[in-house]
Amino acid sequence: MRALAIRLTAAAGLLAAGCNPYMAAVGVVTQTYGVATDVRPVSVQLSDDEIEAKLKAALLESPVPGTGSLSAYCRQGVVVLAGVVPPGSDAGRAAVRIARATPGVARVETFFVDSEPDEAADLELEGKVKAALIADPNLVAGQVDINVYSGHVILVGVASSVEQIDEFVADARAVPGVLSVRSYIQLPD
């Protein structure tokens with residue numbers, strides 16, 4: 001089953017990359033590596049990807065201002081919504097309602113900050129956290145999505161063990177400039 005999923009992912013990468021052979025090769029390798037190193041069964045990966053895509057589309061289509069700028073992740077049916085929700089805005093509540101109404105969603109978690117972060121500083125810090133995770137030989141950095149809001153790091157993913165989860169969090173916390181780390185890393189179902 002996993003081999004078929006890898007072949008299908010590779011074919012999708014070729015189609016998405018169009019006629020550029022370099023982009024096609026990079027896309028295939030990246031997508032195949034992601035499927036192969038993910039600890040979730042392929043059927044769960046596909047289900048999570050579908051939920052995430054539907055949710056992101058619904059957030060963009062929402063008439064409530066601010067929902068379209070929120071990040072949405074889905075792992076094993078658990079949705080994490082993150083981003084800027086200014087005081088008095090209904091964007092956070094609306095996003096949670098939309099996520100809960102999305103078929104396949106088991107639970108919704110949120111991480112909202114109330115003011116616009118320094119995007120350049122957050123992108124730089126995100127790069128440093130990614131580099132720290134990649135440098136750790138005990139981890140597969142691709143198992144975790146990273147986002148940074150005003151110096152606060154969120155980690156979303158699925159890891160093989162509690163020890164791995166602890167190591168992801170410890171590596172992220174050790175990066176200078178990180179104010180806090182919120183882990184939404186789960187163990188496989």
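Heavy-atom basis, side chains included; hydrogens, waters and symmetry copies ignored.
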Test item: [X] and [Y] side chains (from C-beta on) under 4.5 Å apart, heavy atoms:
{"X": "I154", "Y": "D145", "answer": "no"}
{"X": "Q164", "Y": "L139", "answer": "yes"}
{"X": "L155", "Y": "V169", "answer": "yes"}
{"X": "V78", "Y": "Y73", "answer": "no"}
{"X": "V178", "Y": "L125", "answer": "yes"}
{"X": "V144", "Y": "V156", "answer": "no"}
{"X": "H152", "Y": "R182", "answer": "no"}
{"X": "I98", "Y": "S62", "answer": "yes"}

Interatomic spacing from [atom1] in [X] to [atom2] in [Y] - rounded to 0.5 Å:
{"X": "N138", "Y": "S160", "atom1": "CG", "atom2": "OG", "value": "11.5 Å"}
{"X": "E50", "Y": "T102", "atom1": "CD", "atom2": "OG1", "value": "11.0 Å"}
{"X": "E126", "Y": "N147", "atom1": "CD", "atom2": "CG", "value": "5.5 Å"}
{"X": "T67", "Y": "K56", "atom1": "OG1", "atom2": "NZ", "value": "14.0 Å"}

Testing the basics here: between [X] and [Y], what is the closest heavy-atom pair and its distance to 0.1 Å?
{"X": "C74", "Y": "E52", "result": "N-OE1, 2.9 Å"}
{"X": "G92", "Y": "V85", "result": "N-CG1, 3.7 Å"}
{"X": "P188", "Y": "V158", "result": "N-CG1, 3.7 Å"}
{"X": "P103", "Y": "I51", "result": "O-CG1, 3.6 Å"}
{"X": "L55", "Y": "A99", "result": "CD1-CA, 3.6 Å"}
{"X": "Q45", "Y": "D38", "result": "NE2-CB, 3.4 Å"}

Joint hydrophobic cluster, [X] plus [Y], side-chain heavy atoms closer than 4.5 Å:
{"X": "V129", "Y": "V181", "result": "yes"}
{"X": "V162", "Y": "Y184", "result": "no"}
{"X": "I185", "Y": "V175", "result": "yes"}

#### Entry: Pair R107 + E109: basic N to acidic O under 4.0 Å
yes

### Salt-bridge contact R97-D90 (side-chain N to carboxylate O under 4.0 Å)
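Salt bridge flag = yes for D90 with R97.
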
#### Entry: Check against side-chain contact (heavy atoms from CB on, under 4.5 Å), I146 and V153
CA-CA 7 Å; I146 304 162; V153 175; 4.1 Å; yes

### Task
Mark yes or no for whether Q186, through its side chain, and R75, through its backbone, hold a donor-acceptor pair below 3.5 Å.
yes

### Message
Determine whether a donor-acceptor pair (N or O, by modelled atom type, separation under 3.5 Å) exists between the side chain of D122 and the backbone of S150.
### Response
yes

### Query
F112 and L70: side-chain contact (heavy atoms from CB on, under 4.5 Å), yes or no, with the steps?
CA-CA 9 Å; F112 298 136; L70 297 175; 4.1 Å; yes

### Query
Hydrophobic cluster mates of V64, side-chain heavy atoms under 4.5 angstrom, ILVMFWY only, any path?
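Besides V64, the hydrophobic cluster comprises nothing; the residue is isolated.
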
### Query
Is it the case that Y149 and S115 place a side-chain donor and acceptor less than 3.5 Å from each other?
no

### Query
side-chain contact (heavy atoms from CB on, under 4.5 Å) between V96 and T110: does it pass, once the steps are laid out?
CA-CA 8 Å; V96 169; T110 61; 3.6 Å; yes

### Query
How would you list all residue pairs meeting salt bridge (charged side-chain N to carboxylate O under 4.0 Å, His left out) that involve residues 146-169, not counting sequence neighbours?
none

